[in-house]
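Only one structure is covered here, and it is reproduced in the block below.
Any value given below was found using the heavy atoms of this structure, including those in side chains, with hydrogens, waters and symmetry copies removed.
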Amino acid sequence: MKIAGFQKNSFIDFPGKIASVIFLGGCNMRCYYCHNYNILCSSSNTHDFANILPQIRDQLGFIDAVVVSGGEPTLYPHLEQLIREIKGMGLLVKLDTNGTNPRLMKKLVGEGLVDYVAMDIKAGPTKYDQITMVKNPMDKIRESIQFLIGQDNVNYMFRTTLAPILGADDMAEIAELIRGAKTYQIQQFVPNEFSNDQSVIMFPHTLAMAQGFADIIGESVGEVLLRGF
């Protein structure tokens, strides 16, 4: 199996846990603020996973988990096999996903292969295509949202990168999408070369504006977190 990248230690990617992070290349979205834009193609999977396994094993007793991120991991043809390798070492697994493959998500959760799911909510339905620069299957995204909200045996978080084009109306749409969710996180938009390659360079929202958006979402979910502000 080939992967796109590996981060040996992370203290922020799995809430409350120390984790390694595996990055899988390939994505069915092209979000203009993406910080992993260099691995949006499946051809980015050039590192042999067999060479990564010893680095994970060497950390047993120090790390608690492995985060499988991307790209979009559910596009990866060997995802289940890769996760089984990790679970076989007694580690927790967190899946970062955009929610476009509810069938596979349900399978992984149902078989106890995933302990935590972080699902990106790119926008409300009105601006989803504008943010991701592709036509999105909102029916599948909604299916993934409702599946996670209905779960008691897996932890989850919905999260949105606060792109500058998002405003109060968009946050109200998101609030309806994820009504009844346990946890929602608003992440600060950080400009990079990829985002700045747009026709207009856009600047992040202020902390005060993010807090106002958090109040809107807070009426629909159990907990709202701010990250990067």
Side-chain angles (χ1 to χ4, degrees), residues 4-5 7 9-16 19 21 23 25 27-40 44 67 69-73 94-100 116-136 138 141 145 156-179 181-229:
Q7 182 180 339
N9 297 138
S10 170
F11 298 89
I12 61 174
D13 285 282
F14 195 131
V21 184
F23 297 93
C27 191
N28 51 358
M29 295 183 178
R30 291 295 183 269
C31 306
Y32 67 81
Y33 50 70
C34 182
H35 275 254
N36 290 338
Y37 58 87
N38 58 314
I39 62 167
L40 293 180
S44 302
V67 177
S69 190
E72 172 48 43
K94 174 174 171 278
L95 177 69
D96 291 348
T97 181
N98 60 26
T100 54
Y116 198 112
V117 177
M119 178 176 163
D120 293 320
I121 308 296
K122 305 297 183 177
T126 301
K127 290 182 180 172
Y128 232 96
D129 294 356
Q130 184 179 353
I131 290 284
T132 63
M133 300 196 284
V134 297
K135 178 66 177 176
N136 285 281
M138 287 304 301
I141 291 169
I145 291 170
Y156 69 88
M157 169 193 292
F158 297 116
R159 60 191 188 183
T160 299
T161 295
L162 192 55
I165 65 171
L166 297 179
D169 289 346
D170 304 294
M171 304 311 287
E173 287 188 11
I174 292 173
E176 286 303 311
L177 270 180
I178 64 170
R179 183 173 295 279
K182 296 176 184 176
T183 305
Y184 175 72
Q185 179 171 274
I186 300 175
Q187 303 175 159
Q188 179 60 298
F189 164 85
V190 180
N192 59 21
E193 291 180 4
F194 192 53
S195 64
N196 288 346
D197 193 29
Q198 309 301 311
S199 57
V200 178
I201 296 177
M202 293 173 283
F203 297 95
H205 287 296
T206 64
L207 171 60
M209 294 182 74
Q211 289 171 331
F213 295 154
D215 290 340
I216 294 172
I217 299 287
E219 298 177 3
S220 298
V221 305
E223 177 185 33
V224 181
L225 307 174
L226 297 179
R227 177 177 172 182
F229 292 90

Distance check, rounded to the nearest 0.5 Å: [X] atom [atom1] versus [Y] atom [atom2]?
| X | Y | atom1 | atom2 | result |
| --- | --- | --- | --- | --- |
| M209 | L207 | CE | CG | 11.5 Å |
| K122 | M133 | NZ | CE | 11.0 Å |
| C31 | F189 | SG | CZ | 11.5 Å |
| Q7 | S69 | CD | OG | 9.5 Å |

With sequence neighbours left out, write down each residue that passes side chain to side chain donor-acceptor pair (under 3.5 Å) with [X], or none if nothing qualifies.
| X | result |
| --- | --- |
| T100 | N28, N98 |
| N9 | Q59 |
| S10 | D13 |

Using residues 156-166 as the side-chain source, report each donor-acceptor pair under 3.5 Å to any protein atom, sequence neighbours left out, with the distance given to one decimal.
from: Y156; atom 1: OH; to: K182; atom 2: N; distance (Å): 2.9
from: R159; atom 1: NE; to: D120; atom 2: OD1; distance (Å): 2.7
from: T160; atom 1: OG1; to: I121; atom 2: O; distance (Å): 2.7
from: T160; atom 1: OG1; to: Y184; atom 2: OH; distance (Å): 2.6
from: T161; atom 1: OG1; to: Q187; atom 2: NE2; distance (Å): 3.3

Looking only at atom types and distance, does a side-chain atom of Q188 sit under 3.5 Å from a main-chain N or O of H205, one as donor and one as acceptor?
yes
Tell me, please, which residues at least two apart from F23 pass ring pair (Phe, Tyr, Trp, His ring centres under 6.0 Å).
none
Side chain to side chain contact (heavy atoms under 4.5 Å, CB included) between I217 and I174: does it pass, once the steps are laid out?
CA-CA 7 Å; I217 299 287; I174 292 173; 3.9 Å; yes
Among pairs that include at least one residue of residues 164-179, which meet salt bridge (Lys or Arg N to Asp or Glu O under 4.0 Å), considering only residues two or more places apart or in two chains?
K127-D170, E176-R179
Any pair with a residue in residues 212-229 that passes salt bridge (Lys or Arg N to Asp or Glu O under 4.0 Å), sequence neighbours left out, goes on the list, sorted by first then second residue, please.
none
Residue pair L40, C34: steps toward the side chain to side chain contact (heavy atoms under 4.5 Å, CB included) verdict
CA-CA 9 Å; L40 293 180; C34 182; 4.0 Å; yes
Taken in chain and number order and not counting sequence neighbours, the residues that satisfy side chain to side chain contact (heavy atoms under 4.5 Å, CB included) with A168 are F213, I216
